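Keep in mind the model is a prediction, meaning the values are calculated, not measured.
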Amino acid sequence: MITTNYLVIGSGIAGLTFSVKMAEKFSNKKIVIITKTSEDESNTKYAQGGVAIVLNDEKDSFKKHIQDTLIAGDGLCNKEVVEMVIKEGPKRFKELIVWGANFDLDTSGNFDLGKEGGHSEYRVAHHKDVTGAEIERALLARAHKLKNITILPHHFAIDLVTNHHLIDKNPKENVCYGAYIFNQKTETIFTIKADSTLLASGGIGRVYGHTTNPVIATGDGVAMAYRAKAKIKDMEFIQFHPTALYEPEGESSFLISEAVRGFGAYLRNKKGNRFMLDYDDRAELASRDIVSQSIDNELKKTGDTHVFLDCTHLDINTFKKHFPNIYQKCKENHIAIETDWIPVVPASHYLCGGIEVNMDGKTSVNNLFACGECTRTGLHGANRLASNSLLEALVYAHNIFKYLSTHDCEAIEIDIPNWNDDGTSIAKEHVLIQHNLRQLQALMRDYVGIVRSNNRLKKAIKHLDLIYNEIEDFYKKSKITTPLCELRNMINVAHLIISQSINRKENKGGYYNIDNNQN
Ligand code: FAD
Ligand code: SIN
């Protein structure tokens, strides 16, 4: 067993920002970060567009950014949260720069700000088209300098330790005491006991198979919090990014940043029509929910598998400077963007809901905090405004740091039983995991996609029950493996998405059910 002051699950922007702040201010506090693959692998690493932030006071204003966020969220944002995040944003962004993250400047030495869907102004600070990789690099470098931070890569959090694991249960309140951790290299399970635990475990994209997210995005934090009886909200609001590169065989889809449309690219159908003009006055720069739903409609009308992003009219030299990674990836796929249109299709991208937290990042379980994509803060409402996610993680990591700086969670003297795997054996049937994973992803894609219906949701929940029963049974009998735990978590997440979709009777933002009345 390891004992620490703070256990942080996840080494993306949320977990690292909190850890760096805490470790710098309190050299006597110990922080253990566990992360399930290499320390930099995360959704953060793949962020392209940038951080939405009001830096240009002449043209932009907090009021405009707040307004754009509220419009994108379609009436379901918490206005107080929106105002807090957007006003705090610039301070938190400047800390990133102090920590060594580089952002592009224009020829006058000001930040070179990009534009994305739903933004009324140029306000997206970026590092070429690899902003997330630059932020991750800078945060890890800073964390490595701090002696009171220990990072444990290839360690997988299986479950939070809460009252129901204890021998002497405390029936009055639900408290988190740390987590059970699986060391993937030694294949052993141990306990980390912590005064406070922070879930910073990221998104859920893999539940859909076809996603812009890397393979780590299996919703583990949301599932663990759900099993620990934390409140989980707004799971029906899955954001589909309109422009993932169309790769017929591929599952993980390379993203073509929305900033490319901000730079002037057009969406066209196979016939060459700029169809977005028929759907929204903002055309290609309408918010993401509208663009994805419009593409879905075009594809259903035409029977085509994808639409196209046309950059052929753009200044190619400037394009290459701003989007070198996208340019290169297209080239590798034999797409010369000077002359060819890029085939694109929507893919699951971001979870707008998640573990419910208040403005201090507190969940409904005592001593359990959450930050970043795994949370539902109220900022995004029914649809996240582009590039508001990195911003949200920075601001909430700071809020949690501030709260814990003044409200020390007391070390709890309690005996935590070791992980008990009596009666389990090494699973021989790995095919069962693969088979059920494919079934789950197909089910979510076909029945719980951009456009839903009551009938399809009912079918989905029935089918999911069968997968759930098979895997729960398998889990009870088997020794822990990462793929098994991830599948179990994805099943929990799928259940939350489908059941909360069934409960939503009004279409809002990214949620569209053909049986609901139009709003
Ligand atoms: P992550 O960065 O995903 O980190 C999660 C961490 O938790 C990882 O280290 C993971 O290994 C670890 N973890 C998960 N489960 C476990 C477990 N069971 N045990 C141990 N460790 C675990 N947002 C923007 O604002 N601007 C953008 O330009 C932008 N572009 C994007 C482009 C792409 C392709 C993608 C996929 C997302 C983009 N986003 C963007 C969204 C944004 O990147 C993410 O929402 C944000 O980075 C999430 O940060 P996080 O720290 O919450 O989670
Ligand atoms: C993108 O660059 O299009 C992604 C931005 C985001 O998800 O916020």
Is it the case that [X] and [Y] place a side-chain donor and acceptor less than 3.5 Å from each other?
{"X": "T377", "Y": "E392", "value": "yes"}
{"X": "D220", "Y": "N489", "value": "yes"}
{"X": "S287", "Y": "D289", "value": "yes"}
{"X": "E173", "Y": "N366", "value": "yes"}
{"X": "N513", "Y": "N507", "value": "no"}
{"X": "D234", "Y": "Q500", "value": "no"}
{"X": "H210", "Y": "S348", "value": "no"}
{"X": "N383", "Y": "Q239", "value": "yes"}
{"X": "N436", "Y": "R488", "value": "no"}

N-O pairing of [X] and [Y] below 4.0 Å:
{"X": "D68", "Y": "K64", "value": "no"}
{"X": "E136", "Y": "K45", "value": "no"}
{"X": "R288", "Y": "E116", "value": "yes"}
{"X": "K36", "Y": "E486", "value": "yes"}

Could you check whether any side-chain heavy atom of [X] comes within less than 4.5 Å of a side-chain heavy atom of [Y], counting everything from C-beta outward?
{"X": "R274", "Y": "E284", "result": "yes"}
{"X": "L379", "Y": "T69", "result": "yes"}
{"X": "H155", "Y": "Q184", "result": "no"}
{"X": "K477", "Y": "T424", "result": "no"}
{"X": "R456", "Y": "V451", "result": "yes"}
{"X": "I480", "Y": "C485", "result": "yes"}
{"X": "P483", "Y": "I433", "result": "yes"}
{"X": "T35", "Y": "E41", "result": "no"}

- Task: Determine, stepwise, if the pair H65 / N388 fulfils side chain to side chain donor-acceptor pair (under 3.5 Å).
- Result: CA-CA 10 Å; H65 190 182; N388 265 358; 3.0 Å; yes

Do other residues, nucleotides or ligands put more than 12 heavy atoms under 6.0 Å from the [atom1] atom of [X]?
{"X": "H334", "atom1": "NE2", "answer": "no"}
{"X": "K301", "atom1": "NZ", "answer": "yes"}
{"X": "K300", "atom1": "NZ", "answer": "yes"}
{"X": "N503", "atom1": "CG", "answer": "yes"}
{"X": "K270", "atom1": "NZ", "answer": "no"}
{"X": "E80", "atom1": "CD", "answer": "no"}
{"X": "K479", "atom1": "NZ", "answer": "yes"}

[X] side, atom [atom1]; [Y] side, atom [atom2] - distance, nearest 0.5 Å:
{"X": "L391", "Y": "I53", "atom1": "CG", "atom2": "CD1", "answer": "5.0 Å"}
{"X": "I342", "Y": "T243", "atom1": "CD1", "atom2": "OG1", "answer": "8.5 Å"}
{"X": "K229", "Y": "L368", "atom1": "NZ", "atom2": "CG", "answer": "14.0 Å"}
{"X": "C371", "Y": "L199", "atom1": "SG", "atom2": "CG", "answer": "10.5 Å"}
{"X": "I497", "Y": "Y511", "atom1": "CD1", "atom2": "OH", "answer": "11.5 Å"}
{"X": "D465", "Y": "I491", "atom1": "CG", "atom2": "CD1", "answer": "10.5 Å"}

- Task: Scan residues 427-469 for pairs that pass ring-ring contact (aromatic ring centres under 6.0 Å, His included), counting only residues two or more places apart or in two chains.
- Result: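 For residues 427-469: none.
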
- Message: Please list all pairs meeting ring-ring contact (aromatic ring centres under 6.0 Å, His included) that have one or both residues in residues 343-380, counting only residues at least two apart or in different chains.
- Response: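 Sorted result for residues 343-380: H241-H349, Y350-H380, F369-Y403.
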
- Parallel, tilted or perpendicular: rings of Y279 and F275 (30°, 60°):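 F275 vs Y279 ring planes: perpendicular.
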
- Which word best sums up how the rings of H322 and H126 line up, parallel for under 30°, tilted for 30 to 60°, or perpendicular for over 60°?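 Geometry flag for H126 against H322: parallel rings.
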
- Start with the C-alpha distance between V207 and I238, add both sets of side-chain angles, then the distance that settles side-chain contact (heavy atoms from CB on, under 4.5 Å), and finish with yes or no. CA-CA 11 Å; V207 173; I238 303 298; over 6 Å; no

Without placing hydrogens or testing angles, list every side-chain donor-acceptor pair under 3.5 Å for residues 352-360, not counting sequence neighbours.
residue, atom, partner, partner atom, Å
N358, OD1, D360, N, 2.8
N358, OD1, G361, N, 3.2
N358, OD1, K362, N, 3.0

- Message: For a quick test of reading the model, state the closest non-hydrogen atom pair linking C176 to V365 and the distance between them.
- Response: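 Heavy-atom minimum between the residues: N-CG1, 3.7 Å.
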
- Do you know the tightest heavy-atom contact between G49 and S387?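 G49 and S387 have their closest heavy atoms at C-OG, 4.1 Å.
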
So, the side chain of [X] versus the backbone of [Y]: is there a donor-acceptor pair under 3.5 Å, distance only?
{"X": "D515", "Y": "N454", "value": "yes"}
{"X": "N273", "Y": "N269", "value": "no"}
{"X": "H127", "Y": "G132", "value": "no"}
{"X": "R268", "Y": "G272", "value": "yes"}
{"X": "S292", "Y": "F240", "value": "yes"}
{"X": "S201", "Y": "G10", "value": "no"}
{"X": "H313", "Y": "G264", "value": "yes"}
{"X": "D473", "Y": "N469", "value": "no"}
{"X": "T44", "Y": "S42", "value": "no"}
{"X": "Q441", "Y": "R206", "value": "yes"}

- Candidates I256, I335, I337, L245 - the one meeting side chain to side chain contact (heavy atoms under 4.5 Å, CB included) with L309: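 Among I256, I335, I337, L245, the one that satisfies the side chain to side chain contact (heavy atoms under 4.5 Å, CB included) with L309 is I256.
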
- Message: Could you check, using the six-membered ring where one of them is a Trp, whether H306 and F308 have ring centers closer than 6.0 angstrom?
- Response: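 Aromatic pair counts; centres sit under 6.0 Å.
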
- Message: Is the distance between the ring centroids of F323 and Y327 under 6.0 Å?
- Response: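 Judged by ring-centre distance (under 6.0 Å), Y327 and F323 do not meet the cut-off.
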
- Worked verdict on L440 versus L487 for side-chain contact (heavy atoms from CB on, under 4.5 Å): CA-CA 9 Å; L440 173 74; L487 176 58; 4.2 Å; yes

- Task: Report the C-alpha distance between V345 and T305 in whole Å, list the side-chain angles of each, state the deciding distance to 0.1 Å, and finish with yes or no for side-chain contact (heavy atoms from CB on, under 4.5 Å).
- Result: CA-CA 8 Å; V345 71; T305 50; over 6 Å; no

- Task: Compute both the distance and the angle, then confirm whether R445 meets the cation-pi test with Y208: under 6.0 Å from the six-membered ring centre, within 45 degrees of the axis.
- Result: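 Here R445 fails the 6.0 Å and 45° test against Y208.
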
